[in-house]
Amino acid sequence: MTESIRLINPAARESALKKAGYNLFAVRAEDVYIDLLTDSGTGAMSQEQWAAIMRGDESYAGARSYHRLRSVVEDIFGFKYFVPTHQGRAAENILAACLVKPGQYVPSNMHFDTTDANIRARGGRPVNLVIDEAYDPANTHPFKGNMDIAKLNSFIKETGAENIPFGMVTVTNNAGGGQPVSLENLKAVADVYHSFDLPFFIDAARYAENAFFIKLREPGYSSKSVKEIAREMFALADGMTMSAKKDAIVNIGGLLCMNDGILFENVKNELILREGFPTYGGLAGRDLDAMAVGLYEGLDEDYLTYRLGQTAYLVAIINEAGIATIQPAGGHAVYLDAASVLPHIPQSEFPGQALCVELYRQGAIRGVEIGSVMFAHSDPETGKIVYPKLELLRLAIPRRTYTQSHMDYVADTLKHIKNRASTIHGYKFTYAPELLRHFTAQFEPL
Ligand SMILES: Cc1ncc(COP(=O)(O)O)c(C=O)c1O
């Protein structure tokens, strides 16, 4: 699949920004030159996936497409039960609807925004217990997505296991820089959850990238295949949610897997209400077939070598341009430390959003803020605004889509912005919804 891209002129970019209320989600895709908004659903599907789409069985119940997907899901993940969903947040919604009660807490290394919001939407409280190194952008810990085991233990003791419906871990940790979690850490997390009789769910959106990092970085795994490592990861858990739009390289799809038969019954009822019959779960048969093929392609080690290599290359050239990024390079994206590029803009004026707008203004490149726009919230007890520890701009790299020259253009654009950083101003909201506000918020320059 190829697609032409066009670079509109600076005046047209300025008017696109104004029209969009300075929110890049509201800019038309055709007005974007290099689109690094997300790696979710934006990968290029292979000829095998397109061929599989033509084989899609659109029967309402028990379609061949479902059974093909089921055998792949069983082979890779090994859980007893699964349902397809239309994307990751639908799996999270159903899990939260079945398990979370108002006032309960759900710990994780770091919840991604949709997981965070789905727990809050049920009256629950997401809790992030990642290791402290994750909050130090320059720290080169090889597994910065790891959970802080001591913090997890004392959190469960203080909160009481009866107030925690389940525990999670996100692999790789998207909200914290696409950083991996080691198998040693996953084992320790599983031990803690299980010692308190808590079910353990993995947010598996980028499990293949995480498994490849384990192969590359964790002693004892270099001769194991990525698939074997993945099996070891999931054997520790009681279930998983997954957005298939990442490591299954499809444009739409998700999975919810579990071992608990009673939970599965409840999940099926919720699924029928919100998504569809359990053998299609909000997807067409052809989508299930594309996912079945993509799940194996996402585990291909030549592809993963190129994929992680491209991210590492972009990190290296951005750093050469004098701009700090989260270290070491993560899997799917580069996270620019907006707070250090624009130190004169306080968190209340959204430095990540300001950098995001400048990248479009300068080069028609689209990224996304992962900072106060996304995560600042008022504390339910004190009413005070709680700011996140990091103010980041994320440049997510679609799978099998861009080449090295596209990456070079991104680094060149950033060099120009760095040279005029002190002239860049912050932003204020003119509109912001309560949940997931970064998608639809509107801004005004200060
Ligand atoms: C770690 C993680 N979990 C969950 C999701 C939600 O998935 P979806 O966008 O398919 O709803 C995402 C999406 O970006 C993610 O990165």
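- Of the possible donor and acceptor atoms, none in the side chain of Ser372 sits under 3.5 Å from a partner among the backbone N and O of Ser348.
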| said: Show, in sequence, the C-alpha distance, side-chain angles and deciding distance for Asp113 and His438, and conclude whether the side chain to side chain donor-acceptor pair (under 3.5 Å) test is met. | reply: CA-CA 10 Å; Asp113 60 356; His438 56 287; 2.7 Å; yes

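- The residues Glu14 and Lys18 are annotated as not salt-bridged, no charged nitrogen and carboxylate oxygen being separated by less than 4.0 angstrom.
- Figure legend: cation-pi geometry between Lys389 and Tyr135, with NZ or CZ positioned under 6.0 Å from the six-membered ring centre and within 45° of its axis.
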| request: Could you check Lys19 against Asp31 for salt bridge (Lys or Arg N to Asp or Glu O under 4.0 Å), going step by step and ending with a plain yes or no? | output: CA-CA 12 Å; Lys19 227 163 114 189; Asp31 292 341; over 6 Å; no

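- Using a 4.0 Å cut-off between charged nitrogen and carboxylate oxygen, Asp116 and Arg120 count as a salt-bridge pair.
- With respect to the salt-bridge test (charged N to carboxylate O, under 4.0 angstrom), the residues Arg361 and Glu358 qualify.
- The ring pair (Phe, Tyr, Trp, His ring centres under 6.0 Å) search around Tyr402 returns His406, not counting sequence neighbours.
- Distance check: Leu95 CG to Arg89 CZ gives 15.5 Å after rounding to the nearest 0.5 Å.
- Nearest heavy-atom pair across Ala248 and Met291 is CB-CG, 4.1 Å.
- Lys268 has a carboxylate O that lies under 4.0 Å from a charged side-chain N of Glu265, or vice versa, which qualifies the two as a salt bridge.
- In this structure, CG in Leu393 is found 9.5 Å from CG in Leu36, a value given to the nearest 0.5 Å.
- Under the 3.5 Å distance criterion, the side-chain polar atoms of Arg6 are left unmatched by any main-chain donor or acceptor of Val32.
- One finds the OG1 atom of Thr114 at 3.5 Å from the CD atom of Glu92 (value rounded to the nearest 0.5 Å).
- The pair Lys144-Glu133 fails the salt-bridge criterion, with no side-chain N (NZ, NE, NH1 or NH2) lying under 4.0 Å from an Asp/Glu carboxylate O.
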| said: Between Val267 and Val83, does the side-chain contact (heavy atoms from CB on, under 4.5 Å) criterion hold? Intermediate values first, please. | reply: CA-CA 8 Å; Val267 160; Val83 290; 3.8 Å; yes

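- Using a distance-only test at 3.5 Å, with no hydrogens or angles considered, a donor-acceptor pair links the side chain of Tyr335 to the main chain of Asn174.
- When all heavy atoms are compared, the tightest approach of Ile249 to Ala44 is CG2-O, 4.0 Å.
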| request: Test side chain to side chain donor-acceptor pair (under 3.5 Å) on Asn23 and Tyr431 and set out the steps. | output: CA-CA 11 Å; Asn23 183 340; Tyr431 163 74; over 6 Å; no

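- Under 4.0 Å is where a charged nitrogen must lie from a carboxylate oxygen, and between Glu209 and Arg307 at least one such pair does.
- In terms of modelled atom types and a separation under 3.5 Å, the side chain of Asp247 and the main chain of Ala208 share a donor-acceptor contact.
- Panel note: side chain His425, backbone Ala354; no donor-acceptor pair is recorded below 3.5 Å.
- Looking at Arg400 and Glu297, a side-chain N of the basic residue comes within less than 4.0 Å of a carboxylate O on the acidic one, giving a salt bridge.
- Side-chain contact between Pro10 and Gln362: absent, with no pair of heavy atoms (C-beta onward) separated by less than 4.5 Å.
- Expressed to the nearest 0.5 Å, how far CG of Asn146 lies from NE2 of His141 amounts to 5.5 Å.
- Proximity of a side-chain donor or acceptor of Asp203 to a complementary backbone N or O of Val169 within less than 3.5 Å is not detected.
- Between Tyr81 and Phe264, the ring planes lie parallel to each other; the angle is under 30°, not in the 30° to 60° tilted range.
- Salt bridge present: Arg206 and Asp39 bring a charged side-chain N and a carboxylate O closer than 4.0 Å.
- Between Phe429 and Phe350, the angle of the ring planes lies from 30° to 60°, which puts this pair in the tilted group.
- A side chain to side chain contact (heavy atoms under 4.5 Å, CB included) with Phe143 holds for exactly one of Asn185, Ile214, Val181, Ile131; it is Ile214.
- The aromatic rings of Phe200 and Tyr193 are tilted relative to each other, their planes meeting at an angle between 30° and 60°.
- By the 4.0 Å N-to-carboxylate-O rule, Glu369 lies too far from Arg437 to be salt-bridged with it.
- In this structure, the side chain of Thr325 does not engage the main chain of Leu336 through any donor-acceptor pair within 3.5 Å.
- Closest approach of Asn173 and Gly145 over heavy atoms only: CB-CA, 4.0 Å.
- Nearest heavy-atom pair across Lys246 and Ala205 is CB-O, 3.3 Å.
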